[in-house]
Amino acid sequence: MDLSKNYIPAVVEEKWYKHWLSKNYFKSTPDGRPPFTVVIPPPNVTGVLHMGHTLNETVQDILVRKARMSGFNACWVPGSDHASIATEAKVVEMLKREKNIDKNNLSREEFLKYAFEWKEKYGGIIYNQIERLGCSVDWERVSFTMDDHYYKAVIKVFVDLYNKGLIYRGARMINWDPAAKTALSDEEVEYKDVTGKLYYVKYEVAESGSNAHYIVIATQRPETIMGDTAVCANPNDERYTLLRGKKVIVPLINKEVPVIFDEYVDKDFGTGILKITPAHDINDFNIGLKYNLPVVDTLNEDGTMSEAAQIYIGEDRFVARKKIVEGLKTKGLLVKEEEYTTRLGYSQRTNVVAEPKISTQWFVKMKELAQPALKEVTSGNVKIHPGEKFNATYKYWLENVKDWCISRQLWWGQQIPAWYDEEGNVYVAETEEQASQLATGNGQLTRDEDVLDTWFSSWLWPIEVFNGITEPNNKDINYYYPTSVLVTGQDIIFFWVARMIMAGMEFMKEKPFNDVYFTGMVRDKQGRKMSKQLGNSPDLLHLIHEYGADAVRFGIMISSPAGNDLLFDENSLEQGKYFNNKLWNALKLVKMWAEKLSGDNNALSVENNSYNNSFAIDWFENRLNEVQTEVDNLMCQFRLSEALKTIYSLIWDDFCSWYLEWIKPGFEEQIAEPVYLKTVSFFDSLLQLLHPFMPFITEEIYHLLEERNDDLIVKQFSSAGKTDATILEQGNRLKEIITAIRDARNKHNIRQKETIKLHIETIDQNQYRAIENILAKQINAESIGFSSQPENTFITIVAGKEKMYIEANIEIDINTQKEKLIKDLNYLKGFLNSIDKKLSNDRFVQNAKADVIELERKKKLDAQAKILAIEQTLSAL
RNA sequence: GGGAGCAUAGCUCAGUUGGUUUAGAGCAUCUGCCUUACAAGCAGAGGGUCCGCGGUUCGAACCCGUGUGCUCCCA
């Protein structure tokens, strides 16, 4: 077989993905095995996968593949959500640009037809990326939040909650997105610190005659002046007591409004007196309710001034602000302007300043739904990872949750199933027919124009991807629900995670998942969150092209501890690429051996001392068992990056750098068949351990290593064997000696090609029998002997407690030896000192556990022996 | 303003109930090697007041308090 010099991912990846698909390995149907269910957090159809998604999908694939190889019926459901606001905006823009069509000239049905076409065209992009990354999702279960059954589920749930009194319609202060011309929920508004201006405006006190009195009011938003319906001061503020019962005149529109008094006003802010604009500020709105003030909405839905504003009608709010400031200046009503830092709410979707606005919308009552959802997490029934970081956040939000505004003034989404008669009575039902049966009023019924928030559909995701709402108790939902683990970004803990738990508890009476694993945010090297706007997120397909999918997966996982942000650096992808090559080259080496096997069946017996293969194999078998147990533990705790590091080091260091070198036959020599077979089986185990993280290359090598009838992707893990501490210890000791001698060779400039003779001073020659040949090979020694009488041309080193002498054909430098010895000596003396301090402390001896003391005593003896060896050596020099 | 998290090698991070921890890994750096799997590599090495201060303890990177600096969430 001809193997290329280096590993070439592209061909391999395509081949195996197709193969896995053709074998239906990703497909899941209920059976007798325990299920392991994961639902993909639906990326929205407008986008491409960014690095955050990549991390997310990789984590899920690792968990799913590991479960599939561990006796579970693994089911991973892919899908996407319709992203109401973002998608509608894109479709509107596309219609304008490509077809010169104005949305306003289209009927709802026509528009939806275009929207679905658009979704078909662009929705596939993310699926392609998921595939290229190697994700083992069940493609027959692809779900979309606007699928027919899903649509019905959302409608059904709406009606259900309405009938339970958990959904209501009413006029409330909401966040308005003037660009998308729709209401938003509180969570869809992002607050940013901005430098604004505080304008000090004069309001004339009414009926103050020719000696006009003025009060000065500070405002950030002069364009709302026309919506003022009162001004308000603190009742304890003596500056304003004279104004009791008076009215003031709103500038520019000359409207008289009352002066009211309320303790809510902070005397020290601005001038201590506020304008009250109930239509455009939540606090003002509350004051308005308390004092029964009229509400004057001065804004149109697109953020321009409304008729009610009386002036600058139709002008944009920010243009109007400038003009109003000018107007106030000309009239001498502007006292001063001040720089002022404030927080402004921006629409998460369109990035424009969101306007607080009184509006009639549909809301979900959250208090009742929040209770069980909170309990599931505080009781530990749903476990959040990492918990210490997010439990408190979760709890705080649920304890302080406000009602959820779910109506959106859009077409792309589930249309609210509410019908109004001519008198304005509302009837909520799944169909118009049912609504008309409910109708008691007069006239024709007209349906509510609005659609529902996308999150009002995606909160049903773990249920309705299995048709759990539309066909309760079907075979799938009964088998797969509750799902095993939800993997998602911490930024949607409220949008999605909390609401999914609510929905699960409300509609299934059961949590939607056992565990939640929050990944961190992916940031660029400078620590900035990756975003489309900054353009700092690399293109996934480009990265896969350059490094290979396995390397991308490796790179993003190796630096990604649970819940911690990760600074994305292509360096780590490079590390992944190198790792691919390391595996590839190990394969080449082993395949080389396969060409000439010797039938030496004694190769593994301890008595056959010619290669020490028996020790190498014993040791590696134990290391493998040790690591397998370790990796299992780490994966249970979702410490995936540590698990990967552990496997990486097992493969690179223990397998390639040590084990393979130990059993490597000499030049032109054959390898014994039993050793070869053992080695192949170790390689298999390593590939299996690594497979969930790097699926393509492991499957490829698994098949190149030997002819196979099975595939690695479904090869079941056997439980890890026991480990023998003694043999592991011996292995470490061997490595230690090799390293110490190599170090000495390096320090004394003994060239690698040059052989040495090694003399060991030991009381127990026997312990070297099993490793002698390995040792000789690894340090390029032509002979190993035992002697306690070194000649002074030998280099003396102390490895552990034992002295060793290197006989080489060079002049030795005593100082180099001394330096090293003195350095070690100082370290050991300090170490011994710290132990002595403990042991000479009576309270330590009294209080510490027996095994701790025993350990310290052992450490002490050990250190003393080492020190003695070094001191003897030094004095002999 | 309220809350949470973080601070360990030049960089990015591990360090599980306090005791083989006078602290580990990868990258970067330095030295020597084109050794028949791998220069995308091999063999070595150097590098740390575990953010400052105080406390608890026989014993603290780890627990508590406090200060400083970053990050995030909420209003």
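So that the names make sense, note that chain A is the first sequence line, chain B the second, and so on, each numbered from 1. Source: prediction; values computed, not measured. Excluded from the calculations below are hydrogen atoms, water molecules and symmetry mates; all remaining heavy atoms, backbone and side chain alike, are included.
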Could you check which of [options] has an atom nearest any side-chain atom of [X]?
X: A:Lys645; options: B:A43, B:C13, B:A37; answer: B:C13
X: A:Cys656; options: B:A37, B:A75, B:G44; answer: B:A37
X: A:Arg751; options: B:G44, B:G19, B:C33; answer: B:C33
X: A:Ala848; options: B:A37, B:G19, B:A43; answer: B:G19
X: A:Lys5; options: B:G46, B:C38, B:A37; answer: B:C38
X: A:Leu855; options: B:G41, B:C58, B:U20; answer: B:U20
X: A:Glu642; options: B:A37, B:C58, B:G15; answer: B:G15

Touch class at under 4.0 angstrom, heavy-atom based, for [X] against every strand present:
X: A:Asp743; answer: sugar-phosphate
X: A:Arg343; answer: base
X: A:Ser649; answer: nothing
X: A:Lys858; answer: base
X: A:Lys860; answer: nothing
X: A:Gln752; answer: base
X: A:Ser657; answer: sugar-phosphate

Looking at [X], I'd like to know whether one of its side-chain N or O atoms comes within less than 4.0 Å of OP1 or OP2 on [N].
X: A:Lys838; N: B:C58; value: no
X: A:Lys747; N: B:G44; value: no
X: A:Tyr827; N: B:A23; value: yes
X: A:Trp652; N: B:C42; value: yes
X: A:Ser572; N: B:U12; value: no
X: A:Lys866; N: B:U20; value: no

*asked:* Distance check, rounded to the nearest 0.5 Å: A:Ile556 atom CD1 versus A:Phe568 atom CZ?
replied: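 Answer for the CD1-CZ pair, A:Ile556 versus A:Phe568, is 5.5 Å.
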
Under a 3.5 Å limit for both distances, which nucleotide forms a Watson-Crick or G-U wobble pair with [N], could you say?
N: B:C53; answer: B:G65
N: B:U21; answer: none
N: B:U36; answer: none
N: B:A9; answer: none
N: B:A43; answer: B:U31
N: B:U16; answer: none
N: B:G1; answer: B:C74

Pairwise [atom1] distance for [N] and [M], with rounding to whole Å:
N: B:U8; M: B:U21; atom1: C1'; answer: 13 Å
N: B:U36; M: B:C13; atom1: C1'; answer: 38 Å
N: B:G19; M: B:G59; atom1: P; answer: 15 Å
N: B:G10; M: B:G46; atom1: C1'; answer: 13 Å
N: B:C63; M: B:C50; atom1: P; answer: 16 Å
N: B:A60; M: B:A23; atom1: C1'; answer: 13 Å
N: B:A37; M: B:A43; atom1: P; answer: 14 Å
N: B:G18; M: B:A61; atom1: C1'; answer: 10 Å

*More than 12 non-hydrogen atoms from neighbouring residues, nucleotides or ligands closer than 6.0 Å to CG on A:Asn809, yes or no?*
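Counting other residues, nucleotides and ligands, CG of A:Asn809 stays at 12 neighbours or fewer.
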
What integer distance in Å separates [X]:[atom1] from [N]:[atom2]?
X: A:Ile779; N: B:A43; atom1: CD1; atom2: P; answer: 15 Å
X: A:His748; N: B:A45; atom1: NE2; atom2: C1'; answer: 14 Å
X: A:Phe518; N: B:C6; atom1: CZ; atom2: P; answer: 16 Å
X: A:Asn571; N: B:G26; atom1: CG; atom2: P; answer: 14 Å
X: A:Asn286; N: B:A75; atom1: CG; atom2: C1'; answer: 14 Å
X: A:Phe390; N: B:G3; atom1: CZ; atom2: P; answer: 19 Å
X: A:Tyr648; N: B:A14; atom1: OH; atom2: C1'; answer: 15 Å
X: A:Lys777; N: B:C42; atom1: NZ; atom2: P; answer: 17 Å

*Considering only NZ, NE, NH1 and NH2 on the basic side and carboxylate oxygens on the acidic side, decide whether A:Lys577 and A:Glu574 come within less than 4.0 Å.*
no

*May I ask you to decide whether A:Asp743 forms a salt bridge with A:Lys747, counting only side-chain N to carboxylate O separations under 4.0 Å?*
yes

*Base B:C38 paired with A:Lys582 side chain (donor-acceptor, <3.5 Å)*: yes

*Kindly say whether, by distance alone, the side chain of A:Glu661 makes a donor-acceptor pair under 3.5 Å with the base of B:A37?*
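Per atom types, the contact qualifies.
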
Would you say [Y] and [X] are linked by a side-chain donor-acceptor pair, where the criterion is simply a distance under 3.5 Å?
X: A:Gln575; Y: A:Ser572; answer: no
X: A:Asn175; Y: A:Asp186; answer: yes
X: A:Gln348; Y: A:Glu190; answer: yes

_Closest-nucleotide mapping onto RNA chain B: is A:Lys577 or A:Thr739 further toward the 5' terminus? I mean the 5' end._
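Nearest nucleotide further toward 5': that of A:Lys577.
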
_A:Leu828 or A:Tyr396, whichever maps to the more 5' nucleotide of RNA chain B_ =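 Nearest-nucleotide comparison on RNA chain B picks A:Leu828.
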
*Do A:Ile617 and A:Phe682 touch side chain to side chain, with heavy atoms closer than 4.5 Å?*
yes

*Looking at A:Tyr547, A:Tyr578, A:Tyr648, which hits ring pair (Phe, Tyr, Trp, His ring centres under 6.0 Å) with A:Phe554?*
A:Tyr648

*Between A:Trp397, A:Trp404, A:Trp455, which is the residue that forms a ring pair (Phe, Tyr, Trp, His ring centres under 6.0 Å) with A:Phe494?*
A:Trp397

